[in-house]
Amino acid sequence: MRHEIRFSGFGGQGIILSAVILGRAAALYDRNYAVQTQVYGPEARGGASMSAVIISDEPILYPEVTDPGIYVIMSQQGFEKYGTRPAPAAVMLIDADLVHSRPSCTFHEIRSTTEAKTALGRVIVANIVMLGALVAVTGVVSTTAIEKAVLDSVPKGTEELNMKALRRGFELGDKEVDTR
Amino acid sequence: MRHEIRFSGFGGQGIILSAVILGRAAALYDRNYAVQTQVYGPEARGGASMSAVIISDEPILYPEVTDPGIYVIMSQQGFEKYGTRPAPAAVMLIDADLVHSRPSCTFHEIRSTTEAKTALGRVIVANIVMLGALVAVTGVVSTTAIEKAVLDSVPKGTEELNMKALRRGFELGDKEVDTR
Amino acid sequence: MKLVIDESRCKGCNLCTMVCPYHIFQEGDRLNERGIIVPRLDRPERCPNCRLQKLYGRRLCGACALICPDQAIHWDEEKPYEAQKVVIEY
Amino acid sequence: MKLVIDESRCKGCNLCTMVCPYHIFQEGDRLNERGIIVPRLDRPERCPNCRLQKLYGRRLCGACALICPDQAIHWDEEKPYEAQKVVIEY
Amino acid sequence: MSFEDWFREDRLPHIYCTGCGNGTVINCTLEAVEQMGWTVDDTVFISGIGCSSRAPGYIKTDSLHTTHGRALAFATGVKLANPRLHVVVFTGDGDLAAIGGNHFIHACRRNIDLTVVCMNNMIYGMTGGQGSPCTPVGAISTTTPYGAAEPVFDLSELAVTAGANYVARWTSYHVRELTKAVQAGLETPGFSFIEALTQCPTAYGRRNKLRQVSDMVQYLRTSVILVQKIQRMRERGEPVPEDKIPVGEFVRRNRPAMGVQK
Amino acid sequence: MSFEDWFREDRLPHIYCTGCGNGTVINCTLEAVEQMGWTVDDTVFISGIGCSSRAPGYIKTDSLHTTHGRALAFATGVKLANPRLHVVVFTGDGDLAAIGGNHFIHACRRNIDLTVVCMNNMIYGMTGGQGSPCTPVGAISTTTPYGAAEPVFDLSELAVTAGANYVARWTSYHVRELTKAVQAGLETPGFSFIEALTQCPTAYGRRNKLRQVSDMVQYLRTSVILVQKIQRMRERGEPVPEDKIPVGEFVRRNRPAMGVQK
Amino acid sequence: MSKIEFMQGNTACAEGALAAGCRFFGGYPITPSTEIAEHMARRLPKTDGVFVQMEDEIASIAAVIGASWTGARAMTATSGPGFSLMMENIGYAVITETPCVIVNIQRGGPSTGQPTMGAQGDMLQCRFGSHGDYSTIALSPSSVQEMYDLTAKAFNLADRFRVPVFVMSDEVTGHMRERITIPDRVEIVSRRPLEKGTLPFRGGDDGVPGFPEFGMGYGVHVTGLTHDERGYPEATDPHIHAALVQRLVSKVESARHDIADYEMVNPDAETVFVTYGPPTRTVKQVMHDHPGEGVGHLHLRIVWPFPERLLRLFTNAKTFIVPEMNMGQIAREVERHTDLPVISVPKLGGELHTPGELQKLLEARP
Amino acid sequence: MSKIEFMQGNTACAEGALAAGCRFFGGYPITPSTEIAEHMARRLPKTDGVFVQMEDEIASIAAVIGASWTGARAMTATSGPGFSLMMENIGYAVITETPCVIVNIQRGGPSTGQPTMGAQGDMLQCRFGSHGDYSTIALSPSSVQEMYDLTAKAFNLADRFRVPVFVMSDEVTGHMRERITIPDRVEIVSRRPLEKGTLPFRGGDDGVPGFPEFGMGYGVHVTGLTHDERGYPEATDPHIHAALVQRLVSKVESARHDIADYEMVNPDAETVFVTYGPPTRTVKQVMHDHPGEGVGHLHLRIVWPFPERLLRLFTNAKTFIVPEMNMGQIAREVERHTDLPVISVPKLGGELHTPGELQKLLEARP
Ligand SMILES: Cc1ncc(C[n+]2csc(CCOP(=O)(O)OP(=O)(O)O)c2C)c(N)n1
Ligand SMILES: Cc1ncc(C[n+]2csc(CCOP(=O)(O)OP(=O)(O)O)c2C)c(N)n1
Ligand code: SF4
Ligand code: SF4
Ligand code: SF4
Ligand code: SF4
Ligand code: SF4
Ligand code: SF4
Ligand SMILES: [Mg+2]
Ligand SMILES: [Mg+2]
């Protein structure tokens, strides 16, 4: 199975890091293959940043994501630049407070930023909340894999906060799946 | 007719200038074709300098001198490096005071340096004396042509001295031809 | 003249809040469409430019506009100024 | 020791003539094989190095050798020094 | 006209990060140019490569955004070939002093009639925060992860020694002083160098405990000391604080210059 | 051993012109190296391109004759990769200050533990006499046929400002002083710069009424003034002659340095 | 024991170098190569190595060459503009036979071009970019794993042939993160020291002289001028020059089949893709998705010296298709060596050929 | 009235430039090109022009490009090492479409090599030496007369195509003195000014935009980044990049037959020499000395863009012989365009092929 996931948001939200963590979870802890790519360039600075991950159980040949099956969108600009044409079968996770538009495909509104600010006290972990929700909703990696990958990747001293954020994400994601 | 003339001596003797003047005489005043080439490089500095001229009444295609018919040699090192293998039919003009060796071909001993120092009071015009002798002996350019070319090429104020030197060269050359 | 922050340019750096002698620029609190918190203007009519720029024919003070790295601070001609007055008079 | 100019190296610049406190180096006048006028040595045995270099085990003065840009100035071991003396005594 | 009129409105907002001091320095420079009475048609902006060097792209005049480090060499060609053009160069600490150091000292030496405004943010901003020859000892950058260890250049001092006719330094916070300094540079025939210490919250501040824009501005403000003050302290025999960076005008002189319009 | 023993005998005579000062400067440098007790095996000579830069080819040690202007960058690699090697660089005014200016100021700034001997003959010798950044104003060269007009660099001053730990200047006539200065440079950890004003009768003298070797040496001798003397004149309030070039030791200090063997 | 990692291409390049014993990195930041320098800046000081950020790329390659003469395995990394600046000193490394590794993470050119987009536009530059005739070795990784493996290998080739070796990667491979296997240790074949009594610039059987490391008593003179076998300048003798340049070229070219590094799939095919770097991945995808279409694939990991013999191993070949992220630079070389039609599939702009694009091409076959 | 002179090749180059209206020379001395700078230093200040000796070759080409934007015809001259240093800014001139002339008096390479000896070793470098894909024009004089004529012509081509144009000469031609005819005046076709209202980087029919001279009110932005037709940076859009680079290449390549400059002798011959630069002279000598041997000759005065069509005009050709003072650089290009045998006759070391050498080759024909 080949999964193509695209993340977009604005600089500083940790969009790239989310993608790297996801790839890491898949490659190191689920022992799958994974490729992570991203858009560089000065416009990525102020404007929309984008990163993509492919996860597969066989070696990944063509490494670019052209038609993602899964989207994680965390800003309106990100939506406009990278989220407007999802395949009908795609699934999109949206930070509902930051993205006004809604896609034509299946989508899940995750208030990760609000959640991070109010429930966890740190906006900075919004991406981790989102990552938790993503894993819960799609199962592209296992929960243990993503936990380990998050722990690998976050600054010392913030492990607990991030774990809390991830689990909160699991809950929000589970809720989405349940309510369907 | 294609004439190939090779000049050699040590740096500072005006070997290159001689060749340029000869080429100029042929090209501008005899309305022939001429190519002048020379050896560059740091060794030309202390060691032997070399310059060559081709004079012809038709356009010169291959521009390098490989087997000169005429040599002008003004130092022993120059002789050793550039004068040891003249064709049997070649003619060599030698500054007899500076070159100890003698070639296998026809040669003419011209004491141009001594002549310049003693008769003209300036060693620096030895090359012009030699040029006069060359023209007298070989006739590769006309005497009026070489006179004009010398006048073109020498520093202002030294015209007279150089003309004297050139004419002295004519005399020395004529004498050589006469005595044969 | 009216002091305005061009929201399409302002990036919310708050440098303007550091330089205005009248403290007209105040840190904002509301995220705009572009995800930026633009400063709030506190009684901008206190800015000498609002009243006197026209009169003097040149910019006064202007520290905020000069330091604003995003060229987001302007003084707009207040639209149909005379006309408005007339409206009020009616 | 004997002061010598290595004719295969000397280019006749005469810098040595400018520095010797004893004026041992004098402008030459004879063109050598290589077309160079090598300086003449005027009573080189006056150079302290000729007499004392061996004794002190190091070079004395040495200005000429240091300035000679062509590494042409040396002090040669005088060949069979003792032996020669013997010849004279005979 | 005011300095705003020199901007290519259609190119704004520019690519600079929130709170980047470059925008301020451009404002001050354009204000000074405006004060000179120069026009969009007779003025040329030239730059190398870097965040700072993107400046000419936002200005209405003819402009040359060149290769990394080479702006002054290009500018030399422009100015010598047509001395009627007013030529202003924007550059960064990396562009000017790392790869471009040779053109810098030679332009100073030749005393070419250019005005150079260097946005010294003490870092390579454009490429994401590597150390530059102006990164303070001890500061963290991506290529000095254990703290910068190499001694730094004092760009203004170098310009003075190399021969510039006008040299001054301010920070991007000192907008009025900076504007005046640039104007003095524009007025001075020969090479003028204005160093603007500039905050780069993204590549420098973030790694050096100056995460907020205001932190970095505050840091700049408090790191400097007026040359006049140093002078006074020296005269009074007071110890001059070693860790402060002098700001103000360092030299204004009249050495022979090249490329000055006759 | 004496300095002569450091020469590759089989390469002599060298390519330098009659009366060229380069040979003298090599002698002095080797004498200083010899005084340090360094050996042929632990010393490396490095140079760029130019007459002066041919020097390492005549010395027995490992040596790197590099590209024009880049000697100091190569030397930085050698020294940082193996600080146990003693590294001495020969360069010319063109090599060091024209094309190589950036590596010069950066090597000074980094204060890399190298000793650099610059044979400043105020001209491009190797290529036949073009103007260099050190060609005096008014002097004739093949590219300044109407007299050099560009202001010149004071290389020693530049080295001081850029950060070198040791800086001195002498002429090729002052063989003892030059030797001592080089030795002081070799002894000083960090970057040492010794500028040797050197006669180039061929490319410089010939065009500037200093045709004879002795004329040009005489010109150098009489153009200089001792720093101590300037100092004394200053102290006494006497006017310091403007046209004289200061010689002597300009700086000897102990700024943080790189590449020093621990 | 080998280790699995999830790593960026540029990081893998740096790690490959470290594994190969690289002890000196001199560089100057430039997108998209900078991560290599940054990783080296973190790692080298902890491994007894030297990281130095030079004032520019000219100085970087110079410092690397200098370091190499002390015996250190040394490298630099850059991209187009910096690579162009290195050209003069690359020629110096060639003529002085200095082993060193130069990584070029290619981006869109010419000039500043597209700093953040992938390209393969410097493939002819790395062959012909410095003045004069010469030959060097260029590797081209197509995955993060190959970034690691080929960078390590580059050091061995550099040492074996005493040449500068290029790792010609690109933004795509340099910036992507992938799962890779870090081997326990990599093969290291160090440079052969010069045997005393032999000459530092006289080629042995293989044309490659031993290496006279500085500080070991060789007293070697190294010059960029044409030199004799001792290393002494001899810049006007035509024969010495011709012999030197011919040896420099032939020591590499004559080994081209020996060192060729490639994958060859379906040698009986009539239509054969020739690739190096990222387009390799697209071709593999196409062949995976459409098996049994009689398509062959020659994937070159070493592009220069060009192993033209391999083309002839596709004995039934009727067409070669060469997809490249440039205007057909290596296709030119393929053209030289075959009389068969060569279809160059250039792609500019930073994006990799999609499987769809290449598939369409196959479908258009007669 | 035209005038006969006896002139050095380098001087003729400088005089040709002056005749073409060159008003700016920025350079740095290097053997064997220095006489060009020296002549310009004497002449330009007397003709309202500017001569400046820059700090290095990077600065020289930069200053030339800067000067060109003020509308001045501008040039520099150098040799191998300096040419290598110019590579980055040559790419800048290409992408910014800056007319300028770069003279390379080639010497023996690689590296410092043979500073005083002739060579043609930079013929591929001038085509591929800067990073990224591009195309430019390279002329190759074989006599002092052509030094004059082709240098003057180079300015017209540079202006017509808005490209850097190379005069790829060599030590042999640069240093030789010959009789030449200085024409009364040379043809000058100046750059077409940008029509107001059109865009400075949008190609017209011929792909070449008009030129927006600085100071004329265009307010043009010139950048080495990939840019749109207005000149504004647009460095991540694949289509804009592809379109720009394709236009840059095709404006030159599509004109290659139009601008081709050559002599063609004996188009019916079976054995055909292809030459440029000095070997042309040897071939002419051989053909003069041995007429009627059925030998043809294609003498290229413009080498790049390569006018491959001309090869096909030798309809009976059985073999092409390409004598070059390098290891066969243009022979590679000939090989690409013909299936006939191509005999490369490389010669390294600084000496021109002798008539005898080539004659022997002809005699060895089957
Ligand atoms: C030849 C070359 N080398 C490296 C680069 C990459 N590069 C672009 S900008 C930059 C540094 C810019 O630093 P600075 O001049 O301080 O400007 P800032 O971005 O900080 O304003 C570098 C190294 C390049 N474009 N060209
Ligand atoms: C890149 C490059 N540009 C130019 C040259 C030509 N060149 C060789 S030596 C030299 C100047 C040398 O001058 P300087 O360093 O003063 O040395 P000198 O010969 O005077 O001792 C030049 C320009 C070169 N070799 N390489
Ligand atoms: S112009 Fe001055 S007073 Fe007015 S708002 Fe700006 S900073 Fe305040
Ligand atoms: S200074 Fe400008 S950009 Fe910054 S907050 Fe104020 S208005 Fe906005
Ligand atoms: S060592 Fe001194 S005294 Fe002896 S010859 Fe030389 S300069 Fe004269
Ligand atoms: S200094 Fe040396 S080279 Fe010069 S004249 Fe004296 S011995 Fe000869
Ligand atoms: S990286 Fe720094 S210098 Fe560049 S735009 Fe951002 S804040 Fe400004
Ligand atoms: S040209 Fe000048 S520097 Fe070069 S060797 Fe001759 S005298 Fe010395
Ligand atoms: Mg900076
Ligand atoms: Mg010099």
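These numbers come from the heavy atoms of this one structure, side chains and all, not from hydrogens, waters or symmetry mates.
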Bottom line for H/P212: the part with an atom under 4.5 Å from chain E's heavy atoms is neither
OG1 (E/T66) and CD (H/E88) are apart, to the nearest 0.5 Å, by 9.0 Å
CD1 of H/I61 to CZ of E/R70, rounded to nearest 0.5 Å, is 12.5 Å
| query | Would you say the side chain of E/F74 lies within less than 4.5 Å of the side chain of H/I65, judging by non-hydrogen atoms? | reply | yes
message = Could you tell me if the side chain of H/Y232 sits less than 4.5 Å from the side chain of E/D10, heavy atoms only?
response = yes
CG of E/L72 to CD of H/E55, rounded to nearest 0.5 Å, is 9.0 Å
In terms of heavy-atom pairs under 4.5 Å with chain E, the winner among H/M216, H/E213, H/M54 is H/M54
Assert top hit (heavy-atom pairs under 4.5 Å, partner chain H, pool E/R110, E/H106, E/K60, E/H68) equals E/R110
Quiz prompt | Enclosure of H/K196 NZ (heavy-atom neighbours >12, cutoff 6.0 Å) | solution = yes
Comparing H/G231, H/S68, H/G219 against chain E, the one with the most heavy-atom pairs below 4.5 Å turns out to be H/G219
The interface call for E/T61 against chain H, heavy-atom contacts under 4.5 Å, is backbone
Okay, E/L64 and chain H: the region with an atom under 4.5 Å from a heavy atom over there is both
The interface call for E/R11 against chain H, heavy-atom contacts under 4.5 Å, is side chain
pair H/Y218-E/D62: side-chain heavy atoms closer than 4.5 Å
yes
In this structure, OG1 of H/T70 is separated from NZ of E/K79 (nearest 0.5 Å) by 11.5 Å
Scored by heavy-atom pairs under 4.5 Å with chain H, the best of E/G57, E/S47, E/A81, E/G69 is E/A81
#### Entry: Side chains of H/V222 and E/H65 in contact at under 4.5 Å (non-hydrogen atoms)
no
Cut-off 4.5 Å, heavy atoms of chain H, and the answer for E/H103 is both
When the 4.5 angstrom heavy-atom criterion is applied to H/F214 and chain E, the contacting part is both
Between E/S63 and H/H221, the two heavy atoms sitting closest are OG-ND1, 2.7 Å
Okay, H/V52 and chain E: the region with an atom under 4.5 Å from a heavy atom over there is side chain
Taken to the nearest 0.5 Å, the spacing of H/L225 CG from E/I49 CD1 works out to 5.5 Å
Honestly, the part of E/R84 sitting under 4.5 Å from a heavy atom of chain H is neither
